[in-house]
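Residue numbers begin at 1 in each chain, while the letters A, B, ... track the order of the sequences. Predicted model, so just to flag it, every value in this text is computed and none were measured.
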Amino acid sequence: MKELAVKIKDVEFKNPVLLASGTVGYGDEIARFCDLNQIGGIVTKSLSLRPRKGNPPQRIVETASGMLNAIGLANVGVDEFVKNKLPNLAKYDTKVICNIAASSPEEYVECTRILTTEKEIDGFEINVSCPNVKDGGLEFGNNIDAVKRVTSGVRNVTDKLLIVKLSPNVARISDFARAVKESGGDAVSAINTLVGTAIDIYTRRPKLFNITGGLSGPAIKPVALAKVLEIKRNVDIPVIGIGGITTWQDIIEFMIAGASCIQLGTINFISPDFGSGVIPDLLNFCNENKIENISHLTGSVLLP
Amino acid sequence: MKELAVKIKDVEFKNPVLLASGTVGYGDEIARFCDLNQIGGIVTKSLSLRPRKGNPPQRIVETASGMLNAIGLANVGVDEFVKNKLPNLAKYDTKVICNIAASSPEEYVECTRILTTEKEIDGFEINVSCPNVKDGGLEFGNNIDAVKRVTSGVRNVTDKLLIVKLSPNVARISDFARAVKESGGDAVSAINTLVGTAIDIYTRRPKLFNITGGLSGPAIKPVALAKVLEIKRNVDIPVIGIGGITTWQDIIEFMIAGASCIQLGTINFISPDFGSGVIPDLLNFCNENKIENISHLTGSVLLP
Amino acid sequence: MHIEQTKIVSIKEVQSHTFLLSIQSEYFAGTTNPGQFFNIKVSDNNFPLLRRPFSVCDVDGDIISFLFDVHGEGTKILSKKKPGDDLDVFGPLGNGFNYSSDFQTAIIVAGGLGVAPFPFLLKKIPADKPVFSFVGARNSNQLITYGIKNTKLSTDDGSAGFRGNVVQLLKNEIHNINGVKKIFACGPNVMLRSLVEWTTSIGIETEISVECAMACGFGICQGCPTEKSDKSGYLLVCKDGPVFNSQEIVI
Amino acid sequence: MHIEQTKIVSIKEVQSHTFLLSIQSEYFAGTTNPGQFFNIKVSDNNFPLLRRPFSVCDVDGDIISFLFDVHGEGTKILSKKKPGDDLDVFGPLGNGFNYSSDFQTAIIVAGGLGVAPFPFLLKKIPADKPVFSFVGARNSNQLITYGIKNTKLSTDDGSAGFRGNVVQLLKNEIHNINGVKKIFACGPNVMLRSLVEWTTSIGIETEISVECAMACGFGICQGCPTEKSDKSGYLLVCKDGPVFNSQEIVI
Ligand SMILES: Cc1cc2nc3c(=O)[nH]c(=O)nc-3n(C[C@H](O)[C@H](O)[C@H](O)COP(=O)(O)OP(=O)(O)OC[C@H]3O[C@@H](n4cnc5c(N)ncnc54)[C@H](O)[C@@H]3O)c2cc1C
Ligand SMILES: Cc1cc2nc3c(=O)[nH]c(=O)nc-3n(C[C@H](O)[C@H](O)[C@H](O)COP(=O)(O)OP(=O)(O)OC[C@H]3O[C@@H](n4cnc5c(N)ncnc54)[C@H](O)[C@@H]3O)c2cc1C
Ligand SMILES: Cc1cc2nc3c(=O)[nH]c(=O)nc-3n(C[C@H](O)[C@H](O)[C@H](O)COP(=O)(O)O)c2cc1C
Ligand SMILES: Cc1cc2nc3c(=O)[nH]c(=O)nc-3n(C[C@H](O)[C@H](O)[C@H](O)COP(=O)(O)O)c2cc1C
Ligand code: FES
Ligand code: FES
């Protein structure tokens, strides 16, 4: 299966299929359906220094070919993760990326400093783009200087793979990718969810307690793909493509647009076995099309 | 049917249902299905000073609950419009809004200057947000100063209703709405399409000749609704809600979020009779819920 | 729990807009407890995107049944299925009723389609324990008593049984029921709330099956929180429920 | 043209993955010309979002038929419809073939499912004008000759008829066909292109039915441009076509 191996910095992923943050918890439940040994990697739910309860219900609304979520970064916190979640993840032959969300640049750095000593962790994904928390999240994601500060701060405390997950809710995402590169980041993930909302027309209240939520799923795929392409055309940095992937064809499409790896999000809720189930399809596509290594697809889009 | 009448500036729309620019041409074909006498208004395809051929094919790609278009502002030009299209529109008892797209602030002003003398035209919608042309469009839409310049330039040459159609491809759309208000605009339309793309995985070429296109349809409804809500919470200016409307419930939802009127876009391609067909449903909702005038819904969302 | 492509054995409209759907699965039949639920993909495309949760209604041999109402687009699609069609079913999910705890008399309280999980529960409650059922609805057309035995009815408009809601009916009747009682309830949140308020005050053990919006149904999305009674955080309806002891959560 | 909720009268798999769908509509039957098309909503929800265009294949009394291939999700849904099901049909759309112009002999050229518009056209061509049909496909399994008469076949792999493409076959046979000829063609763009190149060079009038991505199907979206021969701009396939005289456009 060497055909599918993909390297970013010094991390060799078995294949380009990763599971996206917030859509597989810490791997406990999903492992019953998706054989984690078969996939490139898993990204943890966003971790913060201390545990977070998350937002009150309602946290989820279905939309046309998509869903809104406003979970509010409910998570067990860094300490509990290291003690009780990481050992379980470490049992699998797959790469473990810790996603970190925080309320201040200092908290990002502090979380990373604590986690980077854990040898089972292969890299970090810095979430500067969660639309569902008051402090942190979007504010950082919309501010180039804040993204730079967070990236270089975290870079200072870890030599491991450093990915920054970008917000699509900006005018030019490639400016943010460039900022990440200039601040020492190794890669960017694109995209996090789009800001959206839904209102109950009888009560006239937003359906989500948090008022707005993040839109994910097939509905956003064309937008995600355009963001990946935009970054690839403007900045020389590896991109991890995310957004609305539900078929093997989608994975190939993201790679052609410029993605080195991809992440699966919402699809895990519907077909939790998709992650490992899709690997043979990718292999098949490569064989049929005489693609020696799947990474040759990355950015191979032919533009006029 | 006074229950449905809505006023923006001095223009009284029979009801809040308008047909969106670029989705009904100049009204010729749609009139066979949607009784234009029954609806609030029609917005023309974007007009430019001179005719435009538009982009070569392929101009359209279907996506999950949405579609991408890259028409490239194909239009007959201002002169031909006045000569051969406007007379036909003028036959209907409905408001006619001319949408204008241009490559420079001067061209916007020039188009408006020519058109404003036509008494059949009730107002203008300035399109600073088309993602599918090289010159003009998005560049203006992403630049607050350009939006201000265009708005005040156009304001100087017309006293008619002046609406500016905003791009959703920005970090904070309310900043643009504020700029419009400060520059003398009477209202904003939100939203135009989201930038998206699609790639053929076998040829590795973008499916659209233009590489990227604008995403419309139900897929974008949650995003459009959040943009309307954001403007309403931050700026005191009438908003015309657009994006993914396909049911009467969607119309009510947009109004509760903050829209004074709404526009129907992609739905016209699927159900060209929806525009006039939906009016009785709106009336019914108002009657059943004892809403004296539908405009009382505007911005009535209950926030925590 | 697993995902299985099952075949639809039968689908019947048992009442206007209410359907009984049966599928065949040895695995599901052998592993499901009353009160658990299944997450069903009603189409093989993106519309609707998410699975739809339904409580197991009954198990008979290797046939599993669901009782459902046509509510929105998803259940509309489901209602149009035909015997022989494939159905993508994920389960059994969550925790069911604890029917072997220390009680002498079982009381079923169901509002509207809240009867759904009880036919199977009734089969499992030890035969020596008497069962009293109370079913309520808005009016007689909406009363569903499929598979329920020894039933007293209530309707808001009095068109059948007691006029009033099902909790009031139970309050009126409780003195006729002897022994250490345990209540199993399912229905709208307002009904559960008023029930639990009362049963807490008089100290009858109560288990409630709760509904809420769900995405995954098995604990990975965190989309279905319900507040713990001590307000220290949230439990997940899909994983920690959908059946809760009424003392565990704020309903 | 209008939108009508029609009933499906029959649906048959005439060849593997190729279906003949018939609906009933007096209005459509009375107003449709060969070569026109209908835009069909295959579901009553957002999936797929857009209508799907299909040429009218045949009209018989008040029965309209379409011949279609299962291509993607939309046609898959369509292929699963049953007699008696409702179908939301919009049409007739566009301009059809001009079969009353000044020719003596009609030649049909169809590639693959390009045969679709011809059964109806064949009925309309005046009986005194001889018709010669040429149908090509990749291999014999993909050859569709539904409703076509006096037919010569070609397959790329030689598994039936002439080995080679249908344009080559026609070139070989054209000397056997007498009188002022007019060609009516439908099929993949590559086939149409090579056909038109040749017919232009030898001066045979040719009408081609063109396919492309469409959103509205009736001229409001500008989504279906095809370049004018003089390159001065675009025509719309849905409104100015789908049948064009080969001299009008750059194929
Ligand atoms: C554990 C559990 C067991 C259930 N058992 C049954 C049953 O046995 N019989 C039955 O008829 N119904 C049952 N339901 C409710 C059933 O799932 C909904 O009626 C169904 O999802 C409606 O789908 P729809 O597409 O027709 O409706 P729509 O309203 O179009 O869509 C439903 C959407 O609304 C969301 N939603 C919001 N609030 C709720 C809520 N309180 N419950 C469910 N979905 C919500 C869902 O996430 C889903 O995306 C159960 C729900 C849960 C959570
Ligand atoms: C005027 C006209 C007449 C037609 N007549 C017939 C017919 O008689 N029989 C038949 O089998 N097919 C016919 N087709 C083609 C038929 O419309 C497509 O096969 C069908 O749309 C496929 O839908 P799908 O959802 O199964 O495929 P998908 O590939 O999943 O989706 C089709 C989508 O692709 C887009 N698309 C891109 N290129 C094209 C293209 N060249 N043609 C059509 N859609 C395209 C469409 O806009 C649509 O959104 C005709 C097309 C046109 C334009
Ligand atoms: C329920 C839910 C929770 C999420 N939580 C997080 C999170 O904690 N951190 C994060 O970086 N992204 C989070 N995301 C975003 C996803 O990782 C992903 O970027 C997004 O869903 C788009 O991909 P998809 O369309 O495949 O779902 C979450 C998404 C969903 C649907
Ligand atoms: C095919 C197509 C062409 C469009 N052309 C224009 C245009 O010329 N000018 C403009 O301001 N908006 C144009 N739009 C955007 C629509 O007016 C509308 O803002 C957008 O489609 C979102 O609404 P919807 O989801 O209801 O379609 C176009 C949209 C489509 C789909
Ligand atoms: S529904 Fe996903 S965690 Fe409960
Ligand atoms: S398909 Fe819309 S103009 Fe032709």
Side-chain angles (χ1 to χ4, degrees), chain B residues 19-34 42 45-46 51-76 132 198 207-209 213 216-219 221 244 246-247 265-274 277, chain D residues 1-5 31 39-53 71-75 77 88-94 189 210-228 230-242 249-251:
Chain B
L19 304 182
S21 179
T23 68
V24 289
Y26 313 99
D28 299 340
E29 298 87 357
I30 193 80
R32 292 187 63 157
F33 303 96
C34 171
I42 176 166
K45 172 79 191 165
S46 279
R52 273 176 181 268
K53 289 169 59 175
N55 292 326
Q58 186 162 336
R59 290 183 179 175
I60 272 179
V61 177
E62 194 176 6
T63 68
S65 296
M67 62 176 278
L68 290 165
N69 87 79
I71 307 297
L73 298 181
N75 82 89
V76 298
N132 300 324
K207 291 188 180 169
L208 294 169
F209 178 89
S216 66
K221 197 193 90 176
T246 63
T247 65
T266 304
I267 185 68
N268 295 308
F269 305 157
I270 305 149
S271 305
D273 51 354
F274 182 76
Chain D
M1 66 180 171
H2 77 183
I3 296 173
E4 194 172 315
Q5 302 301 324
T31 53
N39 220 357
I40 297 182
K41 187 81 179 86
V42 301
S43 71
D44 57 2
N45 56 46
N46 286 331
F47 189 89
L49 184 64
L50 300 175
R51 292 173 177 269
R52 295 290 185 262
H71 187 258
E73 286 294 337
T75 46
I77 292 173
D88 175 337
V89 180
F90 178 17
L93 299 169
N189 277 353
V210 174
E211 272 186 25
C212 73
M214 288 185 178
C216 71
F218 69 112
I220 63 170
C221 78
Q222 306 276 319
C224 60
T226 187
E227 205 174 17
K228 293 188 201 169
D230 64 5
K231 310 220 168 176
S232 66
Y234 297 101
L235 293 171
L236 296 178
V237 173
C238 73
K239 211 185 146 183
D240 303 313
I249 58 168
V250 183
I251 173 81

Who are the salt bridge (Lys or Arg N to Asp or Glu O under 4.0 Å) partners of B:Asp28, not counting sequence neighbours?
B:Lys85
Any chance you could measure D:His2, atom NE2, to B:Arg32, atom CZ, to the nearest 0.5 Å?
10.5 Å
Heavy-atom distances under 4.5 Å only: say whether D:Thr226 touches chain B with side chain, backbone, both or neither.
neither
Below 4.5 Å from any heavy atom of chain D, which atoms of B:Pro56 appear? Answer side chain, backbone, both or neither.
both
Bottom line for D:Phe218: the part with an atom under 4.5 Å from chain B's heavy atoms is both
Under 3.5 Å: donor-acceptor pair, side chain of B:Arg59, backbone of D:Cys224:
no
Hey, would you say the D:Phe90 and B:Phe33 ring centroids sit under 6.0 Å apart?
yes
Looking only at heavy atoms, the pair that brings D:Tyr234 and B:Gly54 closest together is CE1-O, 3.7 Å
Go through it in stages, so that I can follow the logic: the residues are D:Leu49 and B:Ser65, the test is side-chain contact (heavy atoms from CB on, under 4.5 Å), and I'd like the CA-CA distance, side-chain angles, deciding distance and then a yes or no.
CA-CA 5 Å; D:Leu49 184 64; B:Ser65 296; 5.6 Å; no
Give the member of B:Ala64, B:Pro272, B:Pro51 that has the highest number of heavy-atom pairs under 4.5 Å with chain D.
B:Pro272
B:Glu62/D:Arg51 salt bridge by N-O under 4.0 Å criterion:
no
What part of D:Cys212 gets within 4.5 angstrom of chain B, counting heavy atoms only: side chain, backbone, both, or neither?
neither
Is the closest side-chain heavy-atom distance between D:Cys221 and B:Thr266 below 4.5 Å?
no
Rounded to the nearest 0.5 angstrom, the CG-CD distance for B:Leu73 and D:Gln222 is 11.0 Å
Measuring from atom CG of D:Leu50 to atom CD1 of B:Ile60, what distance do you get when rounded to the nearest 0.5 angstrom?
7.5 Å
Value rounded to 0.5 Å, distance of OG1 in B:Thr246 from CG in D:Asn46
5.0 Å
Which answer fits B:Gln58, side chain, backbone, both or neither, if we ask what part of it has an atom under 4.5 Å from a heavy atom of chain D?
side chain
Kindly determine whether D:Ile220 and B:Asn268 satisfy side-chain contact (heavy atoms from CB on, under 4.5 Å), including the steps that lead there.
CA-CA 8 Å; D:Ile220 63 170; B:Asn268 295 308; 4.0 Å; yes
What closest approach, in Å, do D:Pro225 and B:Pro57 show between heavy atoms, and which atom pair accounts for it?
O-CG, 3.7 Å
Per-residue tally against chain B (heavy atom, under 4.5 Å) across D:Asn45, D:Asp88, D:Ile3 peaks at D:Ile3
To the nearest 0.5 Å, what is the distance between NZ on B:Lys53 and NZ on D:Lys228?
9.0 Å
Chain B interface, residue from D:Ala213, D:Gly219, D:Pro48, D:Ala215 that has the most non-hydrogen pairs under 4.5 Å
D:Ala215
